[in-house]
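What follows is a single structure, written as structure tokens, with notes after it.
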Amino acid sequence: MVLFSASLAAETEMPKLVLQLTVDQLRGDLPTRYRDRLGEGGFRYLLDRGIHYSNAHYQHANTETIVGHASLATGSVPAGHGMVANVWYDHELGRLVYNIEDPDYHLLSAGAGVDKKTEIDPTLKAAGVDGRSPNAILASTLSDEMAIHFGGRSKIFGVSVKDRGAVTMAGHAGKAFWFSKSTTEFVTSSYYYPKYPDWVKEWNLAKPAKAFANTNWTLLHDRSTYLFGDSDDRAWETSFPGFGRTFPHAFGPSDSKYFGTFLTLSPAGDKLTLDFAKILIEKEELGQDEIPDYLSISFSSTDYVGHLFEPSSLEGEDNILQLDRTLAELFTFVDKTIGLDNTLIVLSADHGGPETPGYLNSLGLKDAHYFEPDKMDRAPAMMRLKQRFGISEELITKYYHPYVYLNRELIAKMGLEQADVENAVAAELMKFRGISMAVSSSALASNRLPDTLLMRSVLNNYNHKRSGDIYLVFEPHVFINDMDGLEVAATHGSPWRYDTHVPIFFAGKGIKSGKVHRAVTPYDIAPTLAALLGLKPPSASIGEPLREVTGN
Ligand SMILES: [Zn+2]
């Protein structure tokens with residue numbers, strides 16, 4: 001068996017490790033925006049030695065983290081993999097649910113779950129339990145297909161600060177670890193392990209995060225060299241108490257309640273992720289035999305920095321330059337332990353991200369503004385509509401991006417047709433300033449909508465069990481900035497180009513360098529990897545192998 005496997009690997013020139021990197025909210029233009037100041041061996045390695053797709057766009061409307069990660073993992077749109085939003089309303093449970101929450105499992109560390117008092121990610125606050133699993137992902141992932149193809153002998157891991165960034169990529173067959181902001185440890189759930197592997201226990205006991213205590217996020221280079229060096233203090237940036245709006249950003253003492261959070265709002269979160277991943281590669285002996293292994297690392301800092309400060313900020317600029325150094329350190333380590341020539345690297349992002357209305361307004365893009373969704377149900381037009389249907393109670397029970405949820409019980413009780421009410425509400429919502437399109441789910445299900453790119457992206461997002469009643473698309477540069485009480489600077493999640501645009505790089509084993517400008521999609525990544533490894537594509541995959549990578 002071993003001999004057979006060895007010769008199989010040699011014949012097909014398998015990589016020893018597939019290293020799938022995801023940078024949360026890395027918009028397609030960002031790797032090259034500060035090109036002249038990139039160091040050696042990070043993005044420059046990918047740009048000079050790899051294939052760079054500069055025109056890759058998602059084709060689903062809700063460009064959020066779980067949706068993008070699941071799409072990278074499965075090569076499919078949400079209609080196929082089922083992850084339609086970070087949070088959706090579960091009609092059976094009668095409450096909002098967080099994408100990968102699972103009551104059948106629990107976190108292996110007590111007290112490491114979401115602390116609702118200090119958690120700033122509103123989607124995590126929607127979780128009803130601390131257990132996590134990939135069971136809500138309805139399709140197989142590339143990593144699952146590796147497990148199936150290689151008889152369960154591929155080692156498969158996913159690591160990220162965000163649970164959803166780790167669990168998605170590890171798939172149903174791999175193991176996932178993510179960062180607890182409460183304890184600053186990397187944790188996992190009982191889905192994956194009955195107890196922690198020794199090396200994880202040791203890493204956590206050593207408390208590496210403490211090295212950042214009472215230090216600051218400071219600029220990597222001299223301030224005068226930065227594009228945004230003169231504009232650190234801007235009114236629209238989020239001024240998180242203790243962390244502030246300007247450099248240096250203080251992490252504070254390790255026992256302060258926001259210490260773990262502050263680490264994730266800066267390049268420190270990525271550095272800790274890298275440190276954990278390096279130990280994982282070593283202790284789990286990844287890439288050391290002829291059966292290809294799989295490691296996904298999803299770096300989350302770029303997303304948090306984007307939300308708080310926006311990509312076009314001094315923080316955003318410094319974060320990219322620091323991410324470049326983190327990648328260089330990772331590639332050097334992989335070269336030393338496995339060899340870059342034995343490793344197939346792919347880097348992309350789960351979504352792009354926008355600039356803030358404040359910055360856009362200052363440059364003359366005056367339409368950019370924040371939208372207040374709370375007012376929808378009480379707007380005069382909506383009141384008239386409710387009168388027409390004879391409804392006095394709340395008709396819109398919930399707006400949770402991207403879906404409006406109607407009061408289905410009330411509609412049924414009044415003897416009204418759900419589709420009629422959905423379409424009437426959608427028609428009214430479309431008259432609101434700032435709303436570009438409101439598409440009812442019954443209209444999507446009936447498939448009687450115009451065949452436009454935008455409409456197709458909403459349809460690609462539609463899953464009849466999970467999608468809400470009306471999909472809301474705001475105009476370009478119109479955002480909701482209230483993240484459950486915390487006002488942030490920038491929010492992604494739209495079908496517009498700044499949110500759909502991501503980079504794709506392939507590098508390492510067998511890859512010849514090149515730059516490709518033709519339109520491709522991130523759904524192509526999983527089928528490309530499958531083709532290179534000789535696997536069947538993931539079950540719901542819609543992408544096609546990229547010919548510059550596969551060689552034909
Ligand atoms: Zn994200």
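All ligand and atom numbering here is 1-based and tracks the order in the structure. Positions are given from 1 along the sequence.
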**Message:** Please verify the inter-ring angle class for W217 with H249; under 30° counts as parallel, over 60° as perpendicular, anything in between as tilted.
**Reply:** tilted

**Request:** For Q59 and T521, test the side chains for any donor-to-acceptor distance below 3.5 angstrom and give the result as yes or no.
**Result:** no

**Request:** Run the ring-centre check on F177 versus F276 and record whether the distance is less than 6.0 Å.
**Result:** yes

**Message:** If the cut-off is 2.8 Å, does any N/O/S atom of D24 fall short of it from the Zn ion (ligand 1)?
**Reply:** yes

**Prompt:** Would H69 count as a contact for the Zn ion (ligand 1), in the sense that one of its N, O or S atoms lies under 2.8 Å from it?
**Reply:** no

**Message:** Which atom name does D350 have for its N/O/S atom nearest to the Zn ion (ligand 1)?
**Reply:** OD2

**Asked** Taking the N/O/S atoms of H351 one by one, which is nearest to the Zn ion (ligand 1)?
**Response** NE2

**Item:** Verdict with reasoning, D24 to S300, per side chain to side chain donor-acceptor pair (under 3.5 Å)
**Value:** CA-CA 5 Å; D24 208 304; S300 308; 4.7 Å; no

**Asked** Closer than 2.8 Å to the Zn ion (ligand 1), do we get an N, O or S atom from D303, backbone or side chain?
**Response** no

**Request:** Please confirm whether R37 makes a cation-pi placement over Y226, using NZ or CZ under 6.0 Å from the six-membered ring centre and within 45° of the ring normal.
**Result:** yes

**Request:** Answer yes or no for T65: is there an N/O/S atom below the 2.8 Å cut-off from the Zn ion (ligand 1)?
**Result:** yes

